Amino acid sequence: METPPVNPLGEKNISQPQQQWKKNSQKILDSTTQIRQQPQDPSTELLEGRVSPDPAGQILENLQEIEKLAVGREGDSDKSHGPASEMPEPLQASELWYCPDGSFVKKILIHGHGLDKPKLGSRCRVQVLGFPLGSGLPEGWTELTMGLGPWREETWGELVEKCLESMCQGEEAELQLPGRSGPPVRLKLASFTQGRDSWELEPTEKEALAREERARGTELFRAGNPEGAARCYGRALRLLLTLPPPGSPERTVLHANLAACQLLLGQPHLAAQSCDRVLEREPGHLKALYRRGVAQAALGNLDKATADLKKVLAVDPKNRAAQEELGKVIIQGKKQDAGLAQGLRKMFG
């Protein structure tokens with residue numbers, strides 16, 4: 001098998017079909033002459049029960065087909081080397097972006113331009129469409145400031161802020177929430193001002209923003225909104241985590257407050273982890289010991305719950321909340337032991 005000629009630039013020679021066609025034509029013409037000179041055997045035609053076509057005529061038909069094929073290849077070659085404007089542009093498939101925490105999926109409808117994205121302090125000109133009533137976001141065009149404002153305190157506000165952090169100017173996208181029925185909501189980022197990443201802030205600026213978040217979180221907690229308070233405490237912690245060692249003492253209070261929110265939200269596992277962060281820094285922190293005891297009781301870890309609550313009462317014997325919680329744990333332990341004993345009697349009785 002011959003290797004097709006290659007030009008010095010590494011591209012295939014477009015004249016290959018013409019050369020190959022000439023070689024095939026010569027072979028066919030030679031074979032035509034030979035066939036015409038050979039005598040035909042009529043017995044073969046009778047055994048097959050049909051009349052064989054004229055070999056010379058069949059080969060000439062093949063010759064015409066090869067000529068058409070060569071012309072077609074030349075036409076394709078000319079098309080492939082035509083101007084780029086005549087080529088149809090490929091359809092651009094929509095892209096999906098998955099939020100790292102799994103809270104939503106962003107489907108890009110119109111790609112933006114540039115590489116910059118909104119940062120802390122950026123004022124964003126945004127079009128909001130399809131968000132449910134009570135989301136805290138107005139329908140239509142609005143201005144939102146990254147990292148500031150009450151619009152971030154509700155669930156939808158948090159999702160919008162996360163989405164904006166991933167968008168370029170001019171981008172339009174849909175937000176799809178796992179498990180949520182109904183049409184997706186749409187978000188368009190028309191423009192935004194220059195902001196700063198958290199690592200670009202001075203330590204004093206980070207601490208000031210964290211104090212604002214903590215104060216707002218406390219207001220929301222007292223107003224009966226533990227979910228919004230937890231978001232504020234979490235944002236404050238993210239700011240303080242980037243400080244150089246030993247870090248800010250505010251982290252201890254924030255983790256303790258976050259644990260209280262997580263207990264009210266039915267997240268005892270997260271509450272226990274938040275209390276662990278506090279007790280790593282302050283082993284005798286009474287609020288963290290109490291809240292971890294409550295969390296361990298909810299998780300069914302009665303021995304750990306009893307140990308934490310007894311530590312609280314050892315320091316503060318009149319702590320009514322710890323006394324009541326310890327009483328509940330003791331009763332729950334007795335029921336657990338009674339159930340275990342009954343199961344053993346049934347097994348061995």
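Here the structure is a predicted model, which is why all the values come from computation and not from measurement. Here, residue 1 is the first one in the sequence, and each next residue gets the next number.
Residues T218 and Y233 meet the side-chain proximity criterion, which asks for heavy atoms closer than 4.5 Å. Residues L241 and R251 are in side-chain contact: their nearest non-hydrogen atoms beyond the backbone lie under 4.5 Å apart.
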In residues 142-151, what donor-acceptor pairs under 3.5 Å come from side-chain atoms, sequence neighbours left out?
residue : atom : partner : partner atom : Å
W151    : NE1  : T145    : O            : 3.3
W151    : NE1  : L148    : O            : 2.8

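The hydrophobic cluster containing L187 also contains V185, counting ILVMFWY residues as joined when their side-chain heavy atoms lie under 4.5 angstrom apart, directly or transitively. Transitive grouping of hydrophobic side chains (ILVMFWY, heavy atoms separated by less than 4.5 Å) keeps V126 and I108 in distinct clusters.
Between R186 and E172 there is a salt bridge, with a side-chain nitrogen of the basic residue lying less than 4.0 Å from a carboxylate oxygen of the acidic one. In this structure, E219 does not pair ionically with R214, as no charged nitrogen and carboxylate oxygen lie closer than 4.0 Å. The pair R231-E227 counts as a salt bridge, with a side-chain nitrogen and a carboxylate oxygen less than 4.0 angstrom apart. A salt bridge is absent between K206 and E200; no separation between the charged side-chain nitrogens and carboxylate oxygens falls under 4.0 Å.
Donor-acceptor pairing under 3.5 Å is lacking for the side chains of Q194 and S122. For the residue pair K117 / S166, no side-chain donor-acceptor distance below 3.5 Å is found, with atom types taken as modelled.
With rounding to the nearest 0.5 Å, the separation of CG in L175 from SG in C99 is 9.0 Å. Atom CZ of F131 sits about 8.0 Å away from atom CG of L159, to the nearest 0.5 Å. To the nearest 0.5 Å, atom CD of residue E282 and atom NE2 of residue H255 are 12.0 Å apart. Between atom CG of residue L240 and atom CG of residue L209 there is a gap of 9.5 Å, rounded to the nearest 0.5 Å. Remark: L289 CG to K310 NZ distance equals 14.5 Å, nearest 0.5 Å.
Across all their heavy atoms, P268 and A298 have their closest contact at CB-CB, 3.9 Å. The minimum heavy-atom distance linking A229 with G217 is given by the pair CB-O, 3.2 Å. Residue W97 comes nearest to K162 through the heavy atom pair CH2-O, 4.5 Å, listed as atom of the first residue, atom of the second, then distance.
Under a 3.5 Å cut-off, the side chain of E139 and the backbone N or O of G130 do form a donor-acceptor pair.
Results of the side chain to side chain donor-acceptor pair (under 3.5 Å) test with T252 over H285, R281, R277 single out R281 as the only residue that passes.
Within a 6.0 Å sphere centred on CZ of R123, other residues, nucleotides and ligands contribute 12 heavy atoms or fewer.
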